[in-house]
*Asks:* 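Would you mind keeping the following structure in view while I ask a few things?
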Amino acid sequence: MQRFHRSDLSASITVFLIAVPLSLGLALATGAPLQSGLVAAVVGGIVAGSLGGAPLQVSGAATSLVVVTADLVHRYGWRATCAVTVLAGLAQLLLGVLRVARAALAVSPAIVHGMLAGIGTVIAVGQLHVVLGGSPQSSTIANVTALPGQLAVTDPTTPAIGAITVAVLLGWRRLRGRAGRLLGVIPAPLAAVVLATAVSAGLSLPRVDLPAWTAPVLPAMPTGPVLGIVAAVLTVTLVASMESLLSAVAIDTLQARRPGPHAPPARLDRELLGQGTANVVSGLLGGLPVAGGAIRGSANVEAGAVTRRATVLHGVWVLLCAGLAAWALELIPLAALAALVMLVGVRMVSFAHIRHVRRHREFPVYAATLGAVVLFGVLQGVVVGVVVALFLALRRLTHTRVTVTEEPECHRVRVTGQLTFLAVPRLTRAFAQVPDGGNAVVELDGSFMDHAAYEALNAWCVRHRSRGGHATLGDAAGRTVSEPVSAHACRPWTPWRNHHCTRPAVAPATGGGRGPSRSHGHDHGQLLGGVSAFQRNTAPLVREELARLAHEGQSPGQLFLTCADSRLVTSMITSSGPGDLFTVRNVGNLMPPPGSDSSCDSVAAAVEYAVEVLQVSNITVCGHSGCGAMQALLSDHEPGAQTPLARWLRHGRPSLARLGRIGRLDRGEAALADRPVADDLERLSLVNVMQQLDHLMAHPCVARRVGEGTLHLHGMYFHVGEAQAYILDRTTSVFSAVRPDTAPETTLEAAKV
C-alpha cells in the first residue's frame with residue numbers, strides 16, 4: 001500500500017483544474033459529444049492511473065489524436081468511433097503482452113516531432129473557424145480555403161472572447177508582484193476559461209451543451225472497407241502508444257530533476273497495458289481515445305505529486321464535477337474552449353524541435369512528415385516520414401567521398417563515409433592515381449567497412465607494396481597506425497591533458513626554482529604544437545562541419561557565461577563542438593546589471609546579441625571552485641584601488657553582500673545536495689552564480705524572453721578538483737551533482753504535446 005502524501009492531494013486538484021477545460025475543448029475539436037472528453041479524463045485518471053506503469057503520468061483525451069478522431073467521427077459516426085477506440089485498446093494490450101514498448105521509442109525523433117507539428121497545425125487551423133463562430137471543414141486545405149469567407153460573416157463578439165482567452169493563457173505566467181504570487185497558483189487554462197465565461201455573461205454565444213447523463217450505448221462496428229477500418233485502428237494504436245510512452249519517459253526525466261521523494265521509474269510495458277485497458281473502458285463508456293500527455297503529467301510533477309494517488313484522485317474530481325457541477329460547465333462559451341485547444345495546437349509546432357532536427361540533419365524527415373500529416377492524415381504522414389528516414393539512412397550508408405591529395409612526401413587517400421561495395425569503383429580509381437613505388441597514406445573516416453571493400457583495400461595494399469611502394473593505413477581519427485606509441489594518440493579528452501601531445505621537451509630547472517622553467521619560447525612552442533596537432537588530426541574531421549557553419553552562419557541554442565580561469569574548459573565540460581555555444585568569459589563570471597558604467601557594456605552587448613539576434617533559448621551562468629575573483633572579494637584585496645581589475649570586481653560586491661545576508665550555515669540558500677559546502681570561498685562562488693542570474697533578469701531583453709517562455713536561465717557550478725558539475729534548482733537554491741546517467745532535457749521536449 002502506497003503511503004499517501006499531502007502533496008498528492010494538492011497536485012490532483014491542480015491537474016483536475018487543467019483537465020476539465022482541456023477535455024471539453026478536445027471533445028469540441030473532434031466533433032464528439034462534449035461529455036466524451038470528461039469520460040476520457042475520468043477513465044484515464046482512475047483506470048490508467050491505477051494500472052499503468054508510469055505512476056505520475058496523467059492520462060486523458062489524447063491531444064495527438066484530435067485529427068484522427070475527428071476524421072473517424074465524420075466518416076463512421078460516434079458509436080463506430082467508440083468501437084475503434086475499443087479495438088485500439090485491445091491492440092495495445094496485445095503489444096503490452098508482447099513486451100514491445102521499448103521498440104516504439106526507436107522511431108526517429110524527427111518523425112515524432114513532425115507528426116506532432118502536423119497534428120498541431122491541423123488542430124490550430126480547424127479551431128480557428130470555431131473561434132470565428134463557424135465550424136471546421138473536413139480537411140486543412142478546405143479550412144484554409146474557407147477562411148476568407150468565414151472572416152466575412154464573423155460576428156466580432158465571438159473572436160473577442162477567443163482573443164481574451166488567448167491573452168490570459170499567454171500572459172498568466174507573466175504576472176508580477178503580489179498579484180502574480182497570489183494568482184500564480186491558479187492554472188492558466190482555468191483562469192482563461194473562467195474569465196472568458198465571466199466576460200461573456202449575458203451575451204448570446206454558442207456554449208457548452210452537456211446532454212443528460214444516460215447509460216452508455218454499446219459501440220457499433222464501423223461499416224466500410226476492412227482495410228480502412230484496420231488502418232484506423234492501427235493509427236489510433238500507434239499514435240496513442242507513442243504519445244503515452246514518450247510522455248512517460250519525459251515525466252521520469254522531469255521528476256528526477258527535483259529534490260525529495262521520487263516515484264518508481266516507468267515500466268513501459270505495464271504502461272502500455274494500462275493505456276490499453278483505459279481505451280477499452282473509455283470506448284465502452286462513450287469516451288474519447290485515451291493517452292498519457294506531457295501537459296497534464298508535467299503539471300502533476302511540478303505540483304509536487306509523489307505517488308499515483310494524485311493521478312487517480314484527479315479522475316475522481318473530474319467525475320464529481322461532471323455529476324454535480326454540469327450547470328457550471330454549460331456556462332462556458334465554445335469560443336473559449338476552441339481558443340484553448342488552438343493554442344495547444346500552435347505550441348505543438350516547436351521551433352526548438354526544428355532547430356534540433358536541423359542540427360542533426362533530419363529536417364527533410366521532419367518536413368515530409370509534417371506536410372504529409374497536414375495533407376493526407378496521421379498514419380500516412382508517419383509512413384512518409386519512415387520512408388524518407390530510411391532513404392536518408394541508406395543514402396548516408398552509401399554516400400562515400402574518396403579524395404586523393406598529393407603531398408611533398410606521400411599521396412594521401414582520404415575516405416569519408418561508410419566504405420561499402422558501392423564505393424569500390426571510386427576507391428580503385430583513387431588508387432590508380434598513386435604512382436607505383438610511392439608512399440601512400442590511406443585514411444578511413446567511417447565506422448563501417450563491408451567485406452568487398454576490405455578485399456579491394458587489402459589487395460591494393462599487397463600489390464602496391466609488392467611494387468616497391470609503401471602503404472600505410474589510418475584509422476577513423478585520422479592518424480596512421482604506423483605511428484609509434486609515444487606519438488599523438490589522444491582520445492577526445494586527452495589532447496590537452498598535461499599537453500603531452502603538443503608540449504616540447506623542457507629541461508628540468510636547476511637550483512631552487514619552482515619547477516621546470518616556463519619561458520615565453522616554450523609556451524609559444526606549446527601553442528604552435530597544439531595548432532599543428534589540430535591541423536594534422538582534427539581539422540580533417542571538422543572541416544566539412546565548419547564549412548557548413550561558415551556558409552549558414554551560427555545558430556547556437558545556448559549562451560554560456562563563465563569565468564576566464566584557464567582551468568575551465570567549456571567545450572570539455574559540456575561536450576560541445578563548433579556552433580553549439582555562444583560563450584562569454586570574464587573574471588569571476590560576472591554579469592553587470594543595467595545602469596553600470598559604460599566600461600561594462602561588453603558583457604551586456606554579448607547578452608543582447610545572443611538573446612535578440614541569435615535567439616538563444618538558454619543562458620547558463622557557470623561558476624567554479626577556487627575562483628580567484630571570489631577570493632579577492634573575500635579578502636577585499638587592495639580596497640579602494642582604481643585599477644581596471646578592482647573596478648571590475650565591484651560588480652561582485654552584491655554577491656558578497658548576499659553572502660552576508662544568508663549567514664555562514666550549511667542550510668538555506670546556496671547549498672549542495674550531496675555534501676556540505678566546503679568553505680566561504682565555495683559558498684560565495686555558489687551565491688555569485690545565483691546573483692548573476694538575478695542581474696541577467698534585470699536586463700529588459702532577457703526578462704521579456706523569459707516572460708514569453710522562450711528563454712530559460714540556468715545556474716551551474718564546476719568543482720575543478722573533483723571534475724564534477726552541479727546544476728542549480730532555482731526553486732530550492734540547491735546545487736545537485738550531474739551524474740553520468742542523468743537523462744538529457746531533449747527527452748522531455750520530444751514528448752511535449
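Atoms considered below: every heavy atom in the structure, side chains included; atoms not considered: hydrogens, waters and symmetry mates.
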*Asks:* Calculate, to the nearest 0.5 Å, the distance between atoms CZ and OG belonging to Phe16 and Ser23 respectively.
*Replies:* 10.5 Å
*Asks:* Where is the tightest heavy-atom contact between Ile119 and Val373, given as atom of each residue plus distance?
*Replies:* N-CG1, 3.7 Å
*Asks:* Do Ser617 and Thr710 have side chains that approach each other closer than 4.5 Å (heavy atoms only, starting at C-beta)?
*Replies:* no
*Asks:* The criterion is side chain to side chain donor-acceptor pair (under 3.5 Å); which residues satisfy it with Trp317, sequence neighbours excluded?
*Replies:* Ser12
*Asks:* Any idea which heavy atoms bring Gly224 and Ile229 closest together, and the distance?
*Replies:* O-CD1, 3.9 Å
*Asks:* Got a sec: does the CZ of Arg267 have more than 12 other heavy atoms crowding it under 6.0 Å?
*Replies:* no
*Asks:* Between Gly96 and Leu272, what is the shortest heavy-atom contact and its length?
*Replies:* N-CD2, 3.8 Å
*Asks:* Tell me, do Ser244 and Gln275 make a side-chain contact under 4.5 Å, heavy atoms counted?
*Replies:* yes
*Asks:* Between His113 and Val357, is there a side-chain heavy-atom distance shorter than 4.5 Å?
*Replies:* yes
*Asks:* Rounded to the nearest 0.5 Å, how far does CG of Leu22 lie from CG of Leu190?
*Replies:* 12.0 Å
*Asks:* Rounded to the nearest 0.5 Å, what's the gap from CD on Gln92 to CG on Leu238? Could you check?
*Replies:* 10.0 Å
*Asks:* Do Leu132 and Thr158 have side chains that get closer than 4.5 Å, going by heavy atoms?
*Replies:* no
*Asks:* Report the distance from atom CG of Leu24 to atom CD of Gln35, rounding to the nearest 0.5 Å.
*Replies:* 10.5 Å
*Asks:* Show your working on side chain to side chain contact (heavy atoms under 4.5 Å, CB included) between Thr140 and Leu375 and close with a plain yes or no.
*Replies:* CA-CA 7 Å; Thr140 305; Leu375 295 176; over 6 Å; no
*Asks:* Identify the heavy atoms of Tyr366 and Ile354 that sit nearest to each other, and give their distance.
*Replies:* OH-CG1, 3.4 Å
*Asks:* Check step by step if side chain to side chain contact (heavy atoms under 4.5 Å, CB included) holds for Val42 and Ile46.
*Replies:* CA-CA 6 Å; Val42 173; Ile46 297 176; 3.8 Å; yes
*Asks:* Counting neighbours of CZ on Arg355 that are heavy atoms of other residues, nucleotides or ligands and sit closer than 6.0 Å, is the number greater than 12?
*Replies:* yes
*Asks:* State whether the side chain of Ser36 and the backbone N or O of Pro33 hold a donor-acceptor pair below 3.5 Å, judged by distance alone.
*Replies:* yes
*Asks:* For Val281 and Leu285: C-alpha separation, side-chain torsions, deciding distance, then whether side chain to side chain contact (heavy atoms under 4.5 Å, CB included) applies.
*Replies:* CA-CA 6 Å; Val281 175; Leu285 296 179; 3.8 Å; yes
*Asks:* Measure the shortest side-chain to side-chain distance between Val318 and Val20 over non-hydrogen atoms and say whether it is less than 4.5 angstrom.
*Replies:* yes
*Asks:* Write down the atom of Leu65, the atom of Pro289, and the distance for their closest heavy-atom approach.
*Replies:* CD1-CB, 3.7 Å
*Asks:* Between Glu243 and Ser64, does any side-chain donor sit less than 3.5 Å from a side-chain acceptor?
*Replies:* yes
*Asks:* Can you find a side-chain donor-acceptor pair between Arg296 and Ser247 that sits under 3.5 Å?
*Replies:* no
*Asks:* As an exercise, state the distance from CG of Leu128 to CD of Gln150, rounded to the nearest 0.5 Å.
*Replies:* 8.5 Å
*Asks:* Output, in order, the C-alpha distance, side-chain angles, deciding distance and verdict of side-chain hydrogen bond (donor to acceptor under 3.5 Å, both in side chains) for Arg207 and Thr197.
*Replies:* CA-CA 9 Å; Arg207 299 181 186 274; Thr197 303; 5.8 Å; no
*Asks:* I'd like to know if the side chain of Thr85 pairs up with that of Asn279 as donor and acceptor (distance under 3.5 Å, no hydrogens or angles considered).
*Replies:* no
*Asks:* Start with the C-alpha gap between Thr311 and Gln57, add the side-chain angles, then the distance that decides, and say whether side-chain hydrogen bond (donor to acceptor under 3.5 Å, both in side chains) holds.
*Replies:* CA-CA 7 Å; Thr311 303; Gln57 169 124 283; over 6 Å; no
*Asks:* Does the side chain of Thr154 come within less than 4.5 Å of Pro159's, by heavy atoms?
*Replies:* yes
*Asks:* Would a 4.5 Å heavy-atom cut-off, applied to side chains only, mark Arg309 and His314 as touching?
*Replies:* no
*Asks:* If every non-hydrogen atom of Val312 is compared with every non-hydrogen atom of Ser50, which pair is closest and at what distance?
*Replies:* CG2-OG, 3.6 Å
*Asks:* Can you check whether Val84 reaches Val236 side chain to side chain, under 4.5 Å on heavy atoms?
*Replies:* yes
*Asks:* Pairs under 3.5 angstrom only: tabulate donor-acceptor contacts from the side chains of residues 330-346 to other protein residues two or more places apart or in another chain.
*Replies:*
unit_1 : atom_1 : unit_2 : atom_2 : d
Glu330 : OE2    : Leu210 : N      : 3.4

*Asks:* Main chain of Gly52, side chain of Arg308: is a donor-acceptor contact present, judged purely on distance under 3.5 Å?
*Replies:* yes
*Asks:* Could you grab the distance from atom OG1 of Thr307 to atom CG of Leu56, nearest 0.5 Å is fine?
*Replies:* 7.5 Å
*Asks:* Using the rule given for side chain to side chain contact (heavy atoms under 4.5 Å, CB included), can you reason through Thr369 versus Val384, listing the C-alpha separation, both sets of side-chain angles and the distance that settles it, and then say yes or no?
*Replies:* CA-CA 6 Å; Thr369 306; Val384 169; 5.9 Å; no
